[in-house]
**Student:** 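Got a structure for you, written out below as structure tokens; questions coming shortly.
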Amino acid sequence: MKRSIISYRSYCQLLRLWSSKSARVGSSSVCCVKDNIVTSLPACFQLTVPPGRSYCTSTENVDEEEDVIEDDIDDVGPTIPVFQHRTNLPAKFRTQHDDPTKFSLEDVGLYYKVSPEDYKKYIQSGQWPGYKKQVKTFTEATVMVRQPALEVLDIIENANYDYPPLRLFFYGKVGTGKSMSLSHVVQHCGHQGMLTIHIPDFNELIRHRTSGVRPHAPSEYTDGLIDYTDDALNWLQYFKLQNEELLKKLNIKTTKEYVWSARDSTPVGSDILDLLSFGLERKKYSSDCIGAMFREIKKAANEKRVKVLVAIDGVNGLWKNTTIKDSEKKIINAQKVSTIQHFHKLFEHNWSNGICVGTLCPSVEAINNTMYENKMDVPYTPQYLLKKEGFDYMDPFVPIIVSEYNFKEAHNCIDYYIERKWIQSPRSLTESGKKEIMMLANMNPLQLMTISGRF
Amino acid sequence: MAAPMNSRCISCYNYSLSHVINSAKVLRSSSRLVSDAASSRKDAVIGSTDDKDSKGFRRYQMKKFGDIPMERKGSRFTAMVKPIAPRYTKMPVNQDWTNVWPTAQTFKWSVVPLPLKQGYLKNKMEAAGDGLPPQKRGNTELIKIPNFLHLTPKHIEKHCKAIKKFCTEWPSELDTVKDMDYHFPLEVITEDYCFSSPSVRDPRARTVTFKFKASDLEMDSHARDKWQKLLKSRDDKVTLKADRCPLRKQNYDYLQYLLTALYFESWKVEPWEAEMTQEDMLDYSWDLSHSKTNVVNIINKYREKDQTIEDPTKRRLPYVSDDVSPDTVTSLEPVKEYKQSVEELNMTGENITTINNYKESVLKLLNVQTKSNNSS
Amino acid sequence: MAASMKNIFQPVSRLLLRKNPGLSVVCTRGSVYDQSYLETSKTLEEIKRPLAEDDIRRFRKIKAANTDDNTFADSDVVVGKLINMITKCGRKEVARDIVMKALEYVKRVQVEKYHKASDEEKTLIVLDPVKILHQAIENGKPLLITCRVTMSGQKHLVPIAPSERRQNFLSLKWLVSAGGDKPHRVRFHDKLGQEILNAFNEEGGLIQRKQEMHKICEAHKAYAHLK
């Protein structure tokens, strides 16, 4: 017993020596050791907060001389390996400019800032709630430039618009940034003067609502279908927000008279904006209004007067079942909803001068009710989500994978959070700490966002 | 023990002569026994066979108090006998194990020369010694489990040698397993049961099982397809089991009939089979799928526009000629690639490679331009 | 005297026992480990450091690490204690979730304030939620607490000075109960985060509770001689 105590005591002495020496140099690697073993008398809350040494790779200037050099403590024991390296490079995670139309492959992995108007127009809707909170906290909205978005933009720019529209779909695991990439594409095209028909979150239209059934009514125009009244109105407002200025410039006129009822009708040659405003006023006819508008837009696009981008986030929802039951207590499929059918018709091959983009997204119910332990393991591949009907309709389309962050992107993400003061824990400011966070999140963008709240 | 018997026998033998003399002889011999015992007590080891009398008979030595050193434990006395070394310590290395362990026996720790350990230490107390599992000495667990020390290779050799004279030689055509399967593709399994009850019959004995491979049967693609549908399984290994008839022979005949019927039925082509659709197919066939119709449609659409453009290099799909019937379309290179990728997607399932292949084939099919291959 | 009696029955560290072999103490809490076991290494650096030839850990048995211990950046003793206090029915994952979300709430409020503040104010704003939690608990520590003493059949409340350990415990306990005191719709982690911030700013349920305790002690200061 006695001998063991002596040897133990000497061990403690060793540690004290090491810690005192390294305290001079300033590294905190041994302090924790000392606290754990030596001071174990009723410790209560003796906090192991190491001396605050900011290893932040931030935009502040870094001096060469302040590099940490570990002394070879030969007389005491083996050298302590340096786990906390300082990088001398200032962090670079922002792009040089904020114009979404001019990014190249060199900008991949860097953040660009979005103006508040653009944020409301293009990016706000359809994202995970955590992102919206983040924008509020950081008082700025930023989007990362990623390779799949650039690929799609490449195709859009060089496409031949004389031919029927191409179909390009993002697919990928949960939380990898499909909706974000789509928003980037929509923003880019909006800036370039294309008319954007964008449903930010299609799965929301299909979703089960505990607060009550979606307001719906039998369709005015077609028998056997139903309308979503409120949703059509909300979408028209969104459409107006995105495209009002462009439509004012374009001056598209209707080619057909639309008779809504005995009293209301839109004559030939009236501006498309009149249709829009009519739909916004009269909820009853807003779904049919959407259909009429799309008809006019297609015609105008055929005549090369306007370029159209159709972007639907959650295309696989077009064939899903809604949660509404008809009079015979049978569940209604999305194909029987006229509001949705109008968007469905945009994918047909009978018009030109447009392009269709979308994401293939598992629904929130699928993620919550999954039998997989990890909710991020939900199946995400195109054919599984589209199922037979969808695949047969959409084929041939171009599937574009949005994968998880690579090392550079994840590193930039963490650097951005550090700069915004979101990551506070001192250990996370070091390189090894950053790697720990990346490992915990498994390089998944959504997980990184939620996990970094803890550090 | 033998000695007194002998002396009594002798005495019986000589009884007729003089009873007194014999009895005196007996007395004398017994007294000699005592004196002999007393004299040779120190030298002779208890139970040894060295102690012999003048006639060469072993002498019995009665145990006396003091012969064996005793140990007192409370009120009991136990002999402090030096334990005999277990048998396995005296075994020569090159012994014949088949003689030591000829038949199946319970495990005897002192005979088996292996350093075995069996058991589980439940708590710290038990593990206090060296922490190793319990040894074989007095280990009931080792006794409980079956041992196969009576079936070592040497044993088997001996058995085989004994049986060899009753056996013929293995035919040379059946050297490998492959040959055996080729010559005997059908495996018939029947079971016999021992039944102890008023009746000796076991109802399970009537089952007959046929096992064979479907690939051993000669079938064309249609027949194979129909075979799989009739059996409702796509496995190559087929098992047919019958117990519907009361006799084994009858079940065997039934299975033979079943096999023949399945085989010939799958060769027949019924008129209603022509109505088969995509859903009925076991495999994915691109020719009957929507995918083909989609491709034909889209190429037609593109061609309509292409016709207006004079210069063939500036057309969207330069590989499409004027003839756009479905057959010619499918023979075009990009369409063939596309067909292959779609079939792969459906057959092997979706993974990174198949989806990427699909993507590449679509890009080529529709001649999608990107910055890297920008021509127009 | 009662206080000194109490001190004997507090859990005593193993190191104390080891250093003073003559000391015999009744240990009220049991452990699977006896005296010969060494502590585990709990930091990544220590784990990765190579063992010396004569290092005692080569020859002695070592305790297993707790499930609470981790080498990651978010391990802190106080936060761990808070999680343990919120745990009910052994559902520690739920409690951990709550505390992490509460700290995230605190961080969110502070970071937003930081971004909207002017440059001078920025240096004054504390952003690390763990530091805020520490400060909040410091602020919520009562300097005097009451103790029941029976004198001649009467039970009196006597103000006494609590130990460091008791102060910490009470502060955390009151923080948790202040967090639970909310309307039905408000989430617990939001309320807890709000309470932490309030306590940091010397207001809110925790501070109120502490001040109530102080008032009671003030009222009963006549009995102070009984302890």
**Student:** Considering only heavy atoms, give the residues of residues 120-129 of chain C separated from chain A by less than 4.5 Å, sorted numerically, with 'none' for an empty result.
**Tutor:**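 C:Leu127, C:Asp128, C:Pro129 fall under the 4.5 Å cut-off.
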**Student:** Could you tell me whether a side-chain N or O of A:Lys421 sits under 3.5 Å from a main-chain N or O of C:Tyr114, the two making a donor and an acceptor?
**Tutor:**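 Not confirmed, A:Lys421 side chain does not pair with C:Tyr114 backbone.
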**Student:** Around A:Lys435, counting heavy atoms of other residues, nucleotides and ligands shown, do more than 12 lie under 6.0 Å from its NZ?
**Tutor:**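 At most 12 heavy atoms, drawn from other residues, nucleotides or ligands, come within 6.0 Å of this atom.
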**Student:** Should A:Arg420 and C:His115 count as side-chain neighbours, where that means a heavy-atom distance under 4.5 Å?
**Tutor:**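 The answer is yes, as the side chains (C-beta and beyond) meet within the 4.5 Å cut-off.
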**Student:** When rounded to the nearest 0.5 angstrom, what is the spacing between OG1 in A:Thr450 and NZ in C:Lys101?
**Tutor:**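 Output value for this atom pair is 10.0 Å.
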**Student:** Report the C-alpha separation of A:Phe138 and C:Arg108 in whole Å, then their side-chain angles, then the decisive distance to 0.1 Å, and conclude whether the side chain to side chain contact (heavy atoms under 4.5 Å, CB included) test is met.
**Tutor:** CA-CA 9 Å; A:Phe138 293 177; C:Arg108 221 175 256 289; over 6 Å; no
**Student:** Counting only heavy atoms not in C:Lys182, do more than 12 fall under 6.0 Å of its NZ?
**Tutor:**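 Above 12, so yes.
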**Student:** Would you mind reporting whether A:Phe455 and C:Met100 have side-chain heavy atoms less than 4.5 Å apart?
**Tutor:**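 Contact flag for C:Met100/A:Phe455 side chains = no.
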**Student:** Evaluate salt bridge (Lys or Arg N to Asp or Glu O under 4.0 Å) for A:Glu140 paired with C:Lys116, printing each intermediate quantity in order.
**Tutor:** CA-CA 11 Å; A:Glu140 67 170 9; C:Lys116 290 183 179 164; over 6 Å; no
**Student:** Would you say the side chain of A:Lys136 lies within less than 4.5 Å of the side chain of C:Glu112, judging by non-hydrogen atoms?
**Tutor:**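 A side-chain contact exists here, since the closest heavy-atom pair is under 4.5 Å.
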**Student:** Calculate, to the nearest 0.5 Å, the distance between atoms OG and CD belonging to A:Ser432 and C:Glu45 respectively.
**Tutor:**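 If we round to the nearest 0.5 Å, A:Ser432:OG and C:Glu45:CD are 7.0 Å apart.
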**Student:** Does A:Glu436 reach the side chain of C:Leu44, with side-chain heavy atoms less than 4.5 Å apart?
**Tutor:**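 A:Glu436 reaches C:Leu44 side chain to side chain.
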**Student:** I need the C:Lys107 NZ to A:Ser452 OG distance, nearest 0.5 Å.
**Tutor:**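 These two atoms lie 6.5 Å from each other.
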**Student:** So do A:Arg454 and C:Arg96 actually touch side chain to side chain, heavy atoms under 4.5 Å?
**Tutor:**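 Side chain of C:Arg96 against side chain of A:Arg454, heavy atoms only: contact under 4.5 Å found.
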**Student:** For A:Lys408, look at atom NZ and say whether over 12 heavy atoms of other residues, nucleotides or ligands are found less than 6.0 Å away.
**Tutor:**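 More than 12 within 6.0 Å, yes.
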